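Heavy-atom basis, side chains included; hydrogens, waters and symmetry copies ignored. All figures in this text were calculated on a predicted structure; none of them were measured in a lab.
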Amino acid sequence: MNCKECIDRLEELVDKELSPLETGEVQMHLENCSDCAERYHFEEGMRRLVRSCCTEDKAPESLRDRLRAILSG
């Protein structure tokens with residue numbers, strides 16, 4: 001698996017939508033590629049943050065600032 005294939009599957013990995021075989025392939029790549037592993041941890045953290053903030057009527061200003069920075073960069 002190359003980095004592009006791994007990155008294309010990160011969202012599915014975070015959402016636990018991959019088969020056990022696919023999960024193993026992505027995890028093996030992540031163990032050997034620090035760039036992809038960093039991207040995975042970012043995606044996973046962002047997903048947790050969004051989930052925790054969805055119980056409020058309005059996203060906290062800090063989340064909105066982080067999202068603006070990501071989208072503009």
Under the side chain to side chain donor-acceptor pair (under 3.5 Å) rule, collect the residues that match up with [X], sequence neighbours excluded.
X   : value
K4  : D8
R47 : D15
E22 : S19

List, by chain and then residue number, the residues other than L13 in its hydrophobic cluster (Ile/Leu/Val/Met/Phe/Trp/Tyr, side-chain heavy atoms under 4.5 Å); write none if there are no others. M1, I7, L10, V14, L18, V26, L30, Y40

Distance-only donor-acceptor pairs under 3.5 Å for side chains of residues 63-73, two or more places apart:
unit_1, atom_1, unit_2, atom_2, d
R64, NE, A59, O, 3.2
R64, NH2, E61, OE1, 2.5
D65, OD1, R68, NH1, 2.7
S72, OG, R68, O, 3.0
S72, OG, A69, O, 3.3

Run the salt bridge (charged side-chain N to carboxylate O under 4.0 Å, His left out) test against E17 and tell me which residues pass, sequence neighbours left out. none

Salt bridge (charged side-chain N to carboxylate O under 4.0 Å, His left out) involving E43 - partner list, sequence neighbours excluded: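 Testing E43 for salt bridge (charged side-chain N to carboxylate O under 4.0 Å, His left out), a comparison that skips the adjacent residues, returns R39.
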
Is it true that atom CD of E5 has more than 12 heavy atoms of other residues, nucleotides or ligands lying nearer than 6.0 Å? yes

Is it the case that over 12 heavy atoms from other parts of the model lie below 6.0 angstrom from the CD atom of E44?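 Enclosed.
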
Does the pair C33 and C6 meet the rule for a side-chain contact (heavy atoms from CB on, under 4.5 Å), with working shown? CA-CA 10 Å; C33 180; C6 180; over 6 Å; no

Return each pair, listed once, that meets side chain to side chain donor-acceptor pair (under 3.5 Å) where at least one residue sits in residues 24-37; pairs must be two or more places apart or across chains.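 Every pair satisfying side chain to side chain donor-acceptor pair (under 3.5 Å) with a residue in residues 24-37: there are none.
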
